[in-house]
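Contents: one structure, followed by commentary.
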Amino acid sequence: MGGSGSKAKGVWPFSGTGAAGDSAGEGNEQSVARLKCSRNSTPFVYTRRSSLYFDEDGDLAHEFYEETVVTKNGRKKSKLKRIQKNLIPQGIVKLNHPCIHVDFPVILCEV
């Protein structure tokens, strides 16, 4: 599924402030308190950006190639040329099952 954590500070309500005066315990409690009261956000992700593209014919794939015939020294040789123009991204796709966001700071299972 790919993806990375948010790179901007303060994007998620459960990200720590990182202030020098705060201890680690106080920062975690403050983050959890901010999660509960400031926003009604959920740690679940229901959609994602697709990595698939539509071509001119309406076909859907990650990559598109075109077969070209090259004649060199009287020999015909086939090569695949990657198509990168005239591709339309699929856009936002709804997930079948919700996933937990990568920035969610809770341990799910401890062994």
Side-chain angles (χ1 to χ4, degrees):
M1 261 195 314
S4 61
S6 58
K7 300 195 176 21
K9 276 196 169 184
V11 172
W12 283 88
F14 38 77
S15 62
T17 59
D22 295 340
S23 68
E26 292 174 4
N28 288 341
E29 290 175 15
Q30 184 180 12
S31 297
V32 172
R34 226 186 299 152
L35 172 65
K36 291 179 182 177
C37 64
S38 69
R39 294 182 190 167
N40 292 332
S41 63
T42 175
F44 297 108
V45 177
Y46 297 99
T47 59
R48 68 172 176 87
R49 185 178 308 151
S50 176
S51 60
L52 299 173
Y53 293 91
F54 289 105
D55 69 346
E56 297 168 342
D57 300 330
D59 296 327
L60 185 65
H62 288 283
E63 298 175 339
F64 290 95
Y65 292 92
E66 178 181 30
E67 186 177 7
T68 58
V69 178
V70 178
T71 305
K72 187 175 183 181
N73 296 334
R75 292 176 153 181
K76 289 185 179 180
K77 187 175 180 183
S78 296
K79 287 191 172 184
L80 292 178
K81 180 182 175 185
R82 187 172 178 188
I83 300 174
Q84 296 180 340
K85 295 182 180 179
N86 298 329
L87 297 179
I88 303 167
Q90 187 181 15
I92 303 296
V93 177
K94 185 176 179 183
L95 297 173
N96 293 334
H97 305 286
C99 299
I100 296 178
H101 195 275
V102 295
D103 285 342
F104 193 64
V106 175
I107 299 171
L108 297 177
C109 180
E110 191 172 332
V111 180

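Side-chain atoms are counted along with the backbone in the values below, which use heavy atoms only and exclude waters and symmetry mates.
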Of all residues at least two apart in sequence or in a different chain, which pass the side-chain contact (heavy atoms from CB on, under 4.5 Å) check with [X]?
X: Lys85; result: none
X: Ile100; result: Phe44, Phe104, Leu108
X: Glu56; result: Asn86
X: His62; result: Ser51, Leu52

From His101 atom NE2 to Thr42 atom OG1, the distance as rounded to the nearest 0.5 Å: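 The NE2 atom of His101 sits 11.0 Å away from the OG1 atom of Thr42.
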
From Leu60 atom CG to Asp55 atom CG, the distance as rounded to the nearest 0.5 Å: 9.0 Å

Pairing residues for Thr47 by the side-chain hydrogen bond (donor to acceptor under 3.5 Å, both in side chains) criterion, not counting sequence neighbours: none

Salt bridge (charged side-chain N to carboxylate O under 4.0 Å, His left out) contacts in which one or both residues fall within residues 58-74, not counting sequence neighbours: Glu63-Arg82

Cluster companions of Phe64 among Ile, Leu, Val, Met, Phe, Trp, Tyr (side-chain spacing under 4.5 Å): Tyr53, Ile83, Leu87

Where Val69 and Lys76 come nearest, the two heavy atoms and their spacing: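 Reported closest heavy-atom pair: CG1-CB, 4.2 Å.
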
Side-chain touch Arg48/Leu95, heavy atoms, less than 4.5 angstrom: yes

Beyond-backbone contact of Lys94 with Tyr46, side-chain heavy atoms, under 4.5 angstrom: no

